[in-house]
Amino acid sequence: MKDDCIFCMIASGKIPSATIYEDSHFRVFLDINPVTKGHCLIVPKEHFDNIYELDAETAAKVFSLATMLSRTLKKALKCDGMNIVQNNGTVAGQTVFHFHMHLIPRYDNDGVTILEEQAPGNMEEIEELRKLIKAEL
Ligand code: AMP
Ligand code: ZN
């Protein structure tokens with residue numbers, strides 16, 4: 001538990017939240033600024049600032065929970081799609097520095113845009129990047 005971390009306080013139950021799921025490792029609750037109806041956050045009870053700090057076991061559990069809850073949200077809300085979003089760093093839109101994963105149910109014609117500003121890349125640059133990244137593996 002990190003002092004002054006709002007998600008540590010929510011995850012431990014010290015601050016109330018609209019919880020839809022809880023187990024010994026996670027709390028999942030509705031976002032107070034929902035992008036769409038049913039926007040939820042999967043939050044580990046242990047504090048990790050971001051994805052770089054996450055251990056493999058927690059990471060696996062997060063995604064396993066995301067699959068289960070995506071099916072649940074689809075059934076409960078009759079959504080037409082689902083975006084999984086996970087921000088790391090201010091530049092990427094992270095505002096709460098306790099790792100979390102967004103589940104954003106999508107509805108036909110909801111008008112939300114996520115990752116829609118893509119354009120064809122330069123293939124030489126893509127090849128350079130492929131080599132650069134692979135060299136670190
Ligand atoms: P991010 O921008 O990825 O760091 O996401 C942080 C999310 O936490 C935002 O979508 C906020 O709306 C949400 N949030 C912040 N405080 C609370 C809170 N007390 N209860 C529920 N959601 C919150
Ligand atoms: Zn925290």
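Order of listing sets the numbers, starting from 1, for every ligand and every atom in it.
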Is [X] close to ligand 1, meaning an N/O of one under 3.5 Å from an N/O of the other?
| X | value |
| --- | --- |
| G93 | yes |
| I32 | yes |
| T95 | yes |

(Q) Report the atom name of the nearest N/O/S atom of H47 relative to the Zn ion (ligand 2). (A) ND1
Q | Closest approach to the Zn ion (ligand 2) by H98, given as the N, O or S atom name | A | ND1
Just which atoms of ligand 1 are under 4.0 Å from any heavy atom in [X]?
| X | answer |
| --- | --- |
| N87 | 1 (P), 2 (O), 3 (O) |
| L30 | 21 (C) |
| N33 | 11 (C), 12 (O) |
| V96 | 4 (O), 6 (C) |

Do [X] and [Y] belong together in a cluster built from hydrophobic side chains that touch within less than 4.5 Å?
| X | Y | answer |
| --- | --- | --- |
| V28 | F48 | yes |
| M101 | M68 | yes |
| F63 | Y21 | yes |

Q.
Is H100 close enough to touch ligand 1? Criterion: a residue heavy atom under 4.0 Å from a ligand atom.
A. yes
**Q.** Nearest non-hydrogen protein atom, atom 19 (N) of ligand 1
**A.** I10 CD1, 3.4 Å
Q.
Suppose we measure from atom 10 (O) of ligand 1 to each protein heavy atom; which comes out shortest, and what is that distance?
A. D31 OD2, 2.4 Å
Give the contacting part of [X] toward ligand 1: side chain, backbone, both or neither, where contact means a heavy-atom distance below 4.0 Å.
| X | answer |
| --- | --- |
| F29 | side chain |
| H102 | side chain |
| F7 | side chain |
| V85 | neither |
| I15 | neither |

Q) Are side-chain heavy atoms of C40 and I20 found at a separation under 4.5 Å? A) yes
**Q.** Side chains of L103 and L73 in contact at under 4.5 Å (non-hydrogen atoms)
**A.** yes
Q: Over 60° means perpendicular and under 30° means parallel, so classify the ring planes of H98 and H47, tilted if in between.
A: perpendicular
Q.
Is it the case that atom CD in E127 sees more than 12 heavy atoms from other parts of the structure closer than 6.0 Å?
A. yes
Q.
So for atom CD, which belongs to E136, do other residues, nucleotides or ligands contribute more than 12 heavy atoms lying within a distance under 6.0 Å?
A. no
Q | Separation of I51 CD1 from T58 OG1 (nearest 0.5 Å) | A | 12.0 Å
Q: Measure from NZ or CZ of K37 to the centre of the six-membered ring of Y107 and say whether it is under 6.0 Å with the direction within 45° of the ring axis.
A: yes
Q. C8 and side-chain contact (heavy atoms from CB on, under 4.5 Å): which partner among K14, E46, K45, K2?
A. K2
